Amino acid sequence: MVVPGFATDDGWTQRLRGFVTAIGYDAVGWGLGRNRGNVQKLIPAVIQQTERLAMDSGRPVRLIGWSLGGYLAREVARDESELVERVITLGAPIVGGPSYTATASRYVRKGFDLREIQEKVLERERRPINVPVFAIYSRSDGVVAWRACIDRFDNPCVEHHETQSSHLGMVNSPKVFRLVADLLAGPSAKG
């Protein structure tokens, strides 16, 4: 399942899903409409979608999340590790939430408290993620500060991969797609 970024929907990840399907995987969108950024409401919804996919397939799901979608995918893996085989994040702001993104002012205008979000991120990080997470980031991202994509927490299953891409380019870049293909094909830690 591919989870879209803040203020985007499944249409934004269509090309990436098409590529993932072309290389032999069943790629689906998250099916939840536009990602409006309310993490507290979205995590249970993404868990429910992941649970449905895992039940339908009879095996854990591979999650790919772009930007905020990557953060959501990580949190699903943290909360429901038995449902998730691996996570691939693309430019996901895992440190401090939207404070380290070009969209911070949009969050403030929507009434979100950035300091409160940052505290919730830190609170959740007290529990490590026990599922392989492959974090793709770019120093030329332009939307998310690349250092915010680097996991500095006690998550032993996180592996970082630097690429050259803009933030919007990550869901359209052949170079990123090749990296995603390699990371999807890697050995499973769960079987």
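This one's a predicted model, so the numbers in the text were calculated from it and none came from an experiment. Numbers for residues simply follow the sequence, beginning at 1.
Scanning all heavy atoms of the two residues, the minimum distance from S99 to L114 falls at OG-CB, 3.6 Å. The two residues S81 and V131 make their nearest non-hydrogen contact at CB-CG2, 3.6 Å. Between P4 and D10, the closest heavy-atom pair is CD-OD1, 4.1 Å. Shown here for P60 and E85, the closest heavy-atom pair between the two residues is CB-N, 3.5 Å. Nearest heavy-atom pair across W66 and T13 is CE3-CG2, 4.2 Å. Of all heavy-atom pairs between F177 and V171, the closest is CZ-O, 3.4 Å.
Between R178 and D182 no salt bridge is recorded (no basic side-chain N to carboxylate O distance below 4.0 Å). A salt bridge links K120 with E116: the closest approach of a Lys/Arg side-chain nitrogen to an acidic carboxylate oxygen falls below 4.0 angstrom. Salt bridge absent: R86 and E159 never bring a charged side-chain N and a carboxylate O closer than 4.0 Å.
Using the six-membered ring where Trp is involved, Y137 and H160 have ring planes that are perpendicular, over 60° apart on the 30 and 60° scheme.
A donor-acceptor distance shorter than 3.5 angstrom exists from the side chain of N172 to the backbone of L168, with no hydrogens or angles considered. Remark: the backbone N or O of V28 is not paired with any side-chain donor or acceptor of R17 at under 3.5 angstrom. Remark: the backbone N or O of G169 is paired with a side-chain donor or acceptor of S166 at under 3.5 angstrom. Not a single donor-acceptor pair under 3.5 Å links the side chain of N155 to the backbone N or O of C157. For the pair T163 (side chain) and V176 (backbone), a donor-acceptor distance under 3.5 Å is absent.
Under the 4.5 Å side-chain heavy-atom criterion for Ile, Leu, Val, Met, Phe, Trp and Tyr, I64 and L32 are members of distinct hydrophobic clusters. No single ILVMFWY cluster, assembled from side-chain heavy atoms under 4.5 Å apart, contains both V87 and V2. Two different hydrophobic clusters hold V95 and W146 under the rule that ILVMFWY side chains link at heavy-atom gaps under 4.5 Å. Note on V3 and I136: separate hydrophobic clusters, where clusters join Ile, Leu, Val, Met, Phe, Trp and Tyr whose side-chain heavy atoms are under 4.5 Å apart, directly or indirectly.
Other residues, nucleotides and ligands contribute over 12 non-hydrogen atoms within 6.0 Å of the CZ atom of R152. Environment of CD in E162: crowded, with over 12 heavy atoms of neighbouring residues, nucleotides or ligands closer than 6.0 Å. Atom CG of D113 sits in a crowded spot, with more than 12 heavy atoms from other residues, nucleotides or ligands closer than 6.0 Å. Other residues, nucleotides and ligands place no more than 12 heavy atoms under 6.0 Å from the CZ atom of R115.
Side-chain contact between C149 and T89 is absent, with no heavy-atom pair separated by less than 4.5 Å. V121 places none of its side-chain heavy atoms less than 4.5 Å from the side chain of V39. Side-chain contact between R78 and R127: present, with at least one pair of heavy atoms (C-beta onward) separated by less than 4.5 Å. Contact of the Q118 side chain with the Y100 side chain is registered, since non-hydrogen atoms from C-beta on lie closer than 4.5 Å. L72 has its side chain out of reach of V76: every pair of non-hydrogen atoms, C-beta onward, lies at least 4.5 Å apart.
Applying the salt bridge (charged side-chain N to carboxylate O under 4.0 Å, His left out) criterion to R36, with sequence neighbours excluded, gives no partner residue. In this structure, E123 has no salt bridge (charged side-chain N to carboxylate O under 4.0 Å, His left out) partners at least two apart in sequence or on a different chain.
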S165 and K175: CA distance, side-chain angles, deciding distance, side chain to side chain contact (heavy atoms under 4.5 Å, CB included) verdict: CA-CA 8 Å; S165 176; K175 180 186 269 187; over 6 Å; no
